[in-house]
Amino acid sequence: MIETLSVYLQHKFVVYALIVGVLIALSSSLLGVTLVLKRFSFIGDGLSHVAFGGMAIASVLSLTNKMILILPITVVCAILLLRTGQNTRIKGDAAIAMISVGALAFGYLIMNIFSASSNLSGDVCSTLFGSTSILTLTSFEVFLCVILSIAVVVIFIVFYNKIFAVTFDENFAKAVGTKADGYNLLIAVVIAIIIVLAMNLVGSLLISALVIFPALSAMRVFKNFKSVTVCAAIISVACAFGGMIISILAGTPVGSTIVAVDVAAFAICSLTGAILGVEK
Amino acid sequence: MSYITVENLEVGYDKSVISEKLNFKIESGEYLCIVGENGSGKSTLMKTLLGLIKPVSGQIKKADGLENGEIGYLPQQTVVQRDFPASVKEIVMSGFQARCGLRPFYNAQEKKLALENMERMGITELADQCYRELSGGQQQRVLLARALCATRKILLLDEPVAGLDPKVTADMYELIASLNKEGITIIMISHDISAATRYADHILHIGERVFFGTTDEYLNSDIGKSFVTLQKGGENQ
Ligand SMILES: Nc1ncnc2c1ncn2[C@@H]1O[C@H](COP(=O)(O)OP(=O)(O)OP(=O)(O)O)[C@@H](O)[C@H]1O
Ligand SMILES: [Mg+2]
């Protein structure tokens, strides 16, 4: 087992994949709590479908650096969704459903019509479930992933207190003069970036799992924002790393293996939380 | 110029007006109590003053001195999502966020002030507890401590003593009065008319009839007399 691993680790792309995977897992876990609690999770879900549509366009255009196209599309949609979501609840929800399902259908359609590839269902499958994309990233994409992940982490740390305040009590934040709308916009843009990043790791259908599971797991055990955030980051990184190693050794698809490990971590945390709760 | 000048203000939600046209002024260092029946629009007025909802018509003029990071606010209700992981200390500290501007972290002086405010509210032992697991009165004190952290010039309180026990209520009124003596302007909504008339120097009564004036004027006015007797009667029953 160790031998197989060391053989794999001699390949540069495997090491890159591990580094990128860990960074993506770290950045995607940070906003999980905000996403879960601020009812932004529906935006996150919608955006992952948009990212799929973007990916479809990018592969039809056979761009080498797909992220260059997907990123701006997703960010723009994040801003649009946030805007519509602010008006009336129902209209906002409908808009999200429309955009996300529309993007999914449109993406599959153009892939079907224009794709030059002989293995269409394989392409679609890997876009949805990210089976191999983490290993086939170009060095530019690796570079972009690293930069973006670091940017997300830095933004999160710098605005940590603001994000907490706006998530906890938006009205109070506004009343005392914090530009809550600006921070909501920032959060939406960062979520868009995270989704595009996470798409490389687990594919567009499984993104929400990567973002939400670590936060939910941490919330089972800890009761304050800081510990939950730190714990979510640790869980996410550990699960992503473990998942990738397992998938290399067992030859399972990367994305779904990582998510399976995340689910296992959630089960363990729920159990721990229940035991701690009983002891109190 | 007055701190806050309100002219012909009508408040409401989505163009449906709740209040009559309001005209009043708040000078720096004053203590204004807003009284009136349930549903008369007191909370709505306070939210409008804070800029959380738009006035239906009329104007609110604020003096230049009033900037971000100088306003403290205690909402009547704070809807906190289920399971929100937040400790008491984190919430109290979040009162400082506006005054931080773009500075990412709280400084030592702010941390000290937060501890003092928690001490004042008697929640020091709860500092590391989860907000969701506190009693209603304890939660109210946490939010009051947060409001105290946020304020430097003006403090807006929407029923600050609701849910507090008698001792903390008395302490609370004394604390607000002492903040007012230190020069902080107070705008408070209260159903406790005897406390309102004891501590405040101005009263704004809203409802079917509107009154604005000093506390003495209020006590001598028809509307004030009838409202005070009404409450006294209620207490004697
Ligand atoms: N979000 C809202 N949208 C529409 N109407 C509202 C909303 N909140 C309150 N109202 C209405 O506005 C009126 C005034 O409400 P408000 O909360 O300002 O009363 P209040 O004077 O603070 O009462 P209380 O003493 O019970 O706190 C009420 O008739 C209420 O039904
Ligand atoms: Mg009210």
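Numbered from 1 within each chain, the chains take letters A, B, ... in sequence-line order.
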Q.
Over 60° means perpendicular and under 30° means parallel, so tell me whether A:Phe172 and B:Tyr73 are parallel, tilted or perpendicular.
A. parallel
(Q) For the interface with chain A, which of B:Pro75, B:Cys130, B:Ala86 has the highest count of heavy-atom pairs at distances below 4.5 Å? (A) B:Ala86
Q | Under the side chain to side chain contact (heavy atoms under 4.5 Å, CB included) test, residues paired with A:Leu144 that sit two or more places apart | A | A:Met67, A:Phe140, A:Leu148
Q | Contacting region of B:Tyr106 [heavy-atom separation from chain A under 4.5 Å] | A | both
Q: Might you confirm whether atom CZ of A:Phe241 has over 12 heavy atoms from other residues, nucleotides or ligands at distances under 6.0 Å?
A: no
Q. Within a radius of less than 6.0 Å around CD of B:Gln76, do more than 12 heavy atoms belonging to other residues, nucleotides or ligands occur?
A. yes
Q.
For the CD atom on B:Glu182, are there more than 12 heavy atoms of other groups (residues, nucleotides or ligands in this structure) within a distance under 6.0 Å?
A. yes
Q | Pairs of heavy atoms under 4.5 Å with chain A: top-ranked of B:Leu50, B:Leu52, B:Leu143 | A | B:Leu52
Q | Part of A:Tyr160 lying under 4.5 Å from any heavy atom of chain B | A | side chain
Q: Search all heavy atoms of A:Lys162 against all heavy atoms of B:Arg103 and return the closest pair with its distance.
A: NZ-O, 4.0 Å
Q) Crowded around A:Phe143 CZ? As in, over 12 foreign heavy atoms under 6.0 Å? A) no
Q.
Tell me if a side-chain donor or acceptor on B:Glu90 pairs with a main-chain N or O of A:Phe225 at a distance below 3.5 Å.
A. yes
Q | Main-chain N/O of B:Ser94 paired to A:Asn161 side chain as donor or acceptor, under 3.5 Å | A | no
Q.
Please report the interatomic distance NZ(B:Lys89) to CG(A:Asn224), rounded to the nearest 0.5 Å.
A. 10.5 Å
Q. Taking non-hydrogen atoms and a cut-off under 4.5 angstrom, which of residues 151-158 of chain A neighbour chain B?
A. A:Ile157, A:Val158
**Q.** B:Leu74 versus chain A, the contacting section by heavy-atom distance below 4.5 Å
**A.** neither
Q. Given that the side chain runs from C-beta out, which part of A:Ser227 has a heavy atom under 4.5 Å from chain B: side chain, backbone, both or neither?
A. neither
(Q) Less than 4.5 Å to any heavy atom of chain B: does that hold for the side chain of A:Ala218, its backbone, both, or neither? (A) neither
Q) Any side-chain heavy atom of A:Tyr183 within less than 4.5 Å of one from B:Gln97? A) no
**Q.** CZ-CE distance between B:Phe84 and A:Met219, expressed to the nearest 0.5 angstrom
**A.** 8.5 Å
